[in-house]
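Here the structure comes first, spelled out in structure tokens, and everything after it is commentary.
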Amino acid sequence: MTTNESAVGEADWRRATELIRASDTLALACHVSPDGDALGSMLGLGLALARTGRKVVASFGDRVFAVPRLLRSLPGQHLLVEPPAYPAEPDLMITFDASTMERLGLLAPHAGKAGELVVIDHHVSNTRFGTVHLVDPAAASTTTVVEELVNRLGLPIDREVATCLYVGLVTDTGSFRHSITTPAAHAMAGRLLATGLRPEEIARELWDRSPFAYLRVLGTALGRATLEPGAAGGLGLVWTYVSRADRAAEGLPYDEVEGMIDVVRRVDEAEVAVVLKEDDEGGWNVSTRSKGAVDVARACAALGGGGHPRAAGFSSALSVADTMAALRPLLAPEGSPS
Ligand code: AMP
Ligand code: MN
Ligand code: MN
């Protein structure tokens, strides 16, 4: 795929705005286990559209439907419906931050039956599974694409809409630390801050608080962290896991451990960091991060997942040891024989 093919074309912008303007009812969906960008982009557009008097429903296809604690203060939660209440065959459906139809989970069949399907995303791996594609791999976040869409629709971005868009921007840029932190990303932050949103309150909700039980579970997981200097083509691998038994011992919900990779990935001696997180059903969600030499999106895609070159993930039904045995050989640096 060349970059030209994946940039958003004028025809797609025109088609998307025409479809949205002509719709009284819209069905929005973001990827399962939503992060700040998935929920922020969906609720940001949802709020902007709801204010025009349109009927908007928004959801995500998790079997157990719950907004992660970190994201519960996002505006627009009243737009959320659980998957059983989602329209079976929406005339117009819009997806957010989902690179494939499968990432919609329980809502994938609804997308398959939608009259028109507008796909809004920034993953380079997006499979273009809709009828209209607003997919920009150069965008720092899906909320970046949504900001342009709202502007093209001629709708105002008030403080609540801006808060949703800002949450996607700060989470996907790692608070403006990742390589995707362009002048455009900071310029967008400046526009959103000008609406009066409170960056210190947002940051505190997202990263600077947790129940005491998190410290205990973090201690357990860090206590068993393993450094493998020879792995990842000799560049080093650090990994650990957090089981549902670890969490049950402290009464900690799953969503509290979602961000544990951000502690583990700081290790100097490792190019790649991995955290395996067991959910309440006994499946494992695997977070992977690299510093740039290893394309973890490719490794995770080979195991049925995906993501970005330096931040990717996959689900595994195997044991911890077997999951790591499958992943380890895929972590070869770019250009080296695997
Ligand atoms: P996480 O480690 O959960 O923060 O995920 C990092 C990135 O990997 C996300 O932004 C997604 O792009 C991607 N990702 C995570 N899990 C999956 C999955 N099961 N399938 C496809 N992409 C995933
Ligand atoms: Mn996401
Ligand atoms: Mn994103």
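Fair warning: this is a prediction, and the values are worked out from it, not measured in the lab.
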Report, one line per pair, each donor and acceptor closer than 3.5 Å where one atom sits in a side chain of residues 80-95; sequence neighbours left out.
from	atom 1	to	atom 2	distance (Å)
Tyr86	OH	Ala27	O	3.4
Tyr86	OH	Leu28	N	3.2
Tyr86	OH	Leu28	O	3.0

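- For His178 and His308, the ring centers sit 6.0 Å or farther from each other.
- Evaluation of the side chain to side chain contact (heavy atoms under 4.5 Å, CB included) rule for Arg298 yields Asp295, Glu334 as partners, not counting sequence neighbours.
- Between Arg14 and Glu10 there is no salt bridge, since none of the side-chain N atoms of the basic residue sits less than 4.0 Å from a carboxylate O of the acidic one.
- A side-chain donor-acceptor contact under 3.5 Å links His133 to the backbone of Arg128.
- Annotation for Arg63: atom CZ does not count as buried by contact number, only 12 or fewer foreign heavy atoms lying within 6.0 Å.
- Ala325 approaches Pro329 most closely through the heavy-atom pair O-CD, 3.1 Å.
- More than 12 heavy atoms of other residues, nucleotides or ligands sit less than 6.0 Å from atom CZ of Phe129.
- Arg54 contributes a side-chain N or O that, together with a main-chain N or O of Ser23, makes up a donor-acceptor pair within less than 3.5 Å.
- Under a hydrophobic-cluster definition in which Ile, Leu, Val, Met, Phe, Trp and Tyr are linked whenever side-chain heavy atoms come within less than 4.5 Å, directly or via other members, Met188 and Leu206 are assigned to the same cluster.
- Between the CG atom of Leu237 and the CG atom of Leu327 there is a distance of 7.5 Å, given to the nearest 0.5 Å.
- Side-chain atoms of Thr182 come within 3.5 Å of backbone atoms of Ala185 as a donor-acceptor pair (strictly under, hydrogens ignored).
- Heavy atoms only, all atoms of each residue included: Ala273 and Arg265 are closest at CB-CA, 3.5 Å.
- Residues Leu106 and Leu117 are members of separate hydrophobic clusters, defined by side-chain heavy-atom contacts under 4.5 angstrom among Ile, Leu, Val, Met, Phe, Trp and Tyr.
- Within a 6.0 Å radius of CZ in Arg216, no more than 12 heavy atoms belonging to other residues, nucleotides or ligands are found.
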Verdict with supporting geometry, Arg51 and Glu160, side-chain contact (heavy atoms from CB on, under 4.5 Å): CA-CA 11 Å; Arg51 294 199 168 135; Glu160 289 201 319; 2.6 Å; yes

Apply the test salt bridge (charged side-chain N to carboxylate O under 4.0 Å, His left out) to residues Glu258 and Arg69: give CA-CA distance (whole Å), side-chain angles for both, the deciding distance (0.1 Å), then the verdict. CA-CA 11 Å; Glu258 281 278 24; Arg69 193 262 300 159; over 6 Å; no

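- When the salt bridge (charged side-chain N to carboxylate O under 4.0 Å, His left out) test is applied to Arg244, the partners found at least two apart in sequence or on another chain are Glu278.
- The neighbour count for Arg159 CZ, taken as heavy atoms of other residues, nucleotides or ligands under 6.0 Å away, does not exceed 12.
- Note that the CG atom of Leu331 and the CD atom of Glu228 stand 9.5 Å from one another [nearest 0.5 Å].
- Looking at Gln77, its side chain does come within 3.5 Å of a backbone N or O of Leu71 through a donor-acceptor pair.
- Partners of Pro199 by side chain to side chain contact (heavy atoms under 4.5 Å, CB included), not counting sequence neighbours, listed by chain and number: Tyr166, Leu193, Leu197.
- Val267 and Leu235 are not part of a single hydrophobic cluster, where members link through side-chain heavy atoms under 4.5 Å apart.
- In this structure, Arg247 contributes its side chain and Val217 its backbone to no donor-acceptor pair below 3.5 Å.
- In this structure, the side chain to side chain contact (heavy atoms under 4.5 Å, CB included) partners of Ser315, at least two apart in sequence or on a different chain, are Asn285.
- You'll find the side chain of His186 reaches within 4.5 Å of the side chain of Phe176, heavy atoms only.
- Summarising the geometry of Ser316 relative to Thr323, their closest heavy-atom pair is OG-OG1, 2.7 Å, with the distance given to 0.1 Å.
- A distance-only check finds no donor-acceptor pair linking the side chain of Asp37 to the backbone of Leu169 [under 3.5 Å].
- Tracing side-chain contacts under 4.5 Å through hydrophobic residues (I, L, V, M, F, W, Y), one never reaches Leu218 starting from Trp239; they form parts of separate clusters.
- Proximity of a side-chain donor or acceptor of Lys291 to a complementary backbone N or O of Ala270 within less than 3.5 Å is detected.
- Separating the OG atom in Ser287 from the CE atom in Met260 is a distance of 10.0 Å, to the nearest 0.5 Å.
- The number of heavy-atom neighbours closer than 6.0 Å to CZ of Arg266, taken from other residues, nucleotides and ligands shown, is 12 or below.
- Tested against Phe60 for a side chain to side chain contact (heavy atoms under 4.5 Å, CB included), the candidates Leu104, Val32, Leu39 yield a single pass: Leu39.
- With rounding to the nearest 0.5 Å, the separation of SG in Cys30 from CZ in Phe96 is 8.5 Å.
- Applying the side chain to side chain contact (heavy atoms under 4.5 Å, CB included) test to Thr25 and every residue at least two apart in sequence or in another chain returns Lys55.
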What do the steps show when you test Leu149 against Thr17 for side-chain contact (heavy atoms from CB on, under 4.5 Å), and what is the final call? CA-CA 8 Å; Leu149 176 60; Thr17 51; 3.9 Å; yes

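- Here the shortest heavy-atom pairing between Leu134 and Ala16 reads CD1-CB, 3.9 Å.
- In this structure the side chain of Val132 never reaches within 4.5 angstrom of the side chain of Val119, judged on heavy atoms.
- Checked by atom type and distance alone, the side chain of Ser290 never pairs as donor or acceptor with a backbone atom of Arg310 at under 3.5 Å.
- Remark: Leu74 CG to Glu205 CD distance equals 9.5 Å, nearest 0.5 Å.
- Taking both residues in full, the closest heavy atoms of Pro75 and Leu43 are given as O-CD1, 3.5 Å, listed atom of the first, atom of the second, then distance.
- Residues Thr52 and Leu155 have side chains in contact (heavy-atom distance under 4.5 Å, counting atoms from C-beta outward).
- With His122 as the partner, the side chain to side chain donor-acceptor pair (under 3.5 Å) test is satisfied by one option alone out of Thr143, Thr144, Asp172: Asp172.
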Take Thr100 and Asn126, measure what side-chain contact (heavy atoms from CB on, under 4.5 Å) needs, and give me the verdict at the end. CA-CA 6 Å; Thr100 64; Asn126 188 285; over 6 Å; no

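- Looking at Leu318 and Trp284, their side chains never come closer than 4.5 Å, going by heavy atoms from C-beta outward.
- When all heavy atoms of Ala50 and Leu79 are compared, the pair lying nearest together is CB-CD2, 4.1 Å.
- Side-chain atoms of Val286 and Cys300, non-hydrogen and from C-beta on, never get closer than 4.5 Å to each other.
- Under the 3.5 Å distance criterion, the side-chain polar atoms of Glu256 are left unmatched by any main-chain donor or acceptor of Pro211.
- Between the side chain of Ser243 and the backbone N or O of Asp246 there is at least one donor-acceptor pair closer than 3.5 Å.
- Counting only heavy atoms from C-beta outward, the side chains of Asp35 and Asp97 approach each other to under 4.5 Å.
- At least one side-chain heavy atom of Leu19 sits less than 4.5 Å from a side-chain heavy atom of Val118.
- With hydrophobic clusters built from ILVMFWY side chains whose heavy atoms lie under 4.5 angstrom apart, Leu227 shares a cluster with Leu222.
- The structure places CD of Glu147 at 13.5 Å from OG1 of Thr142, a figure rounded to the nearest 0.5 Å.
- When side chains are defined from C-beta on, Thr173 does not count as touching Ser141, because their heavy atoms never get closer than 4.5 Å.
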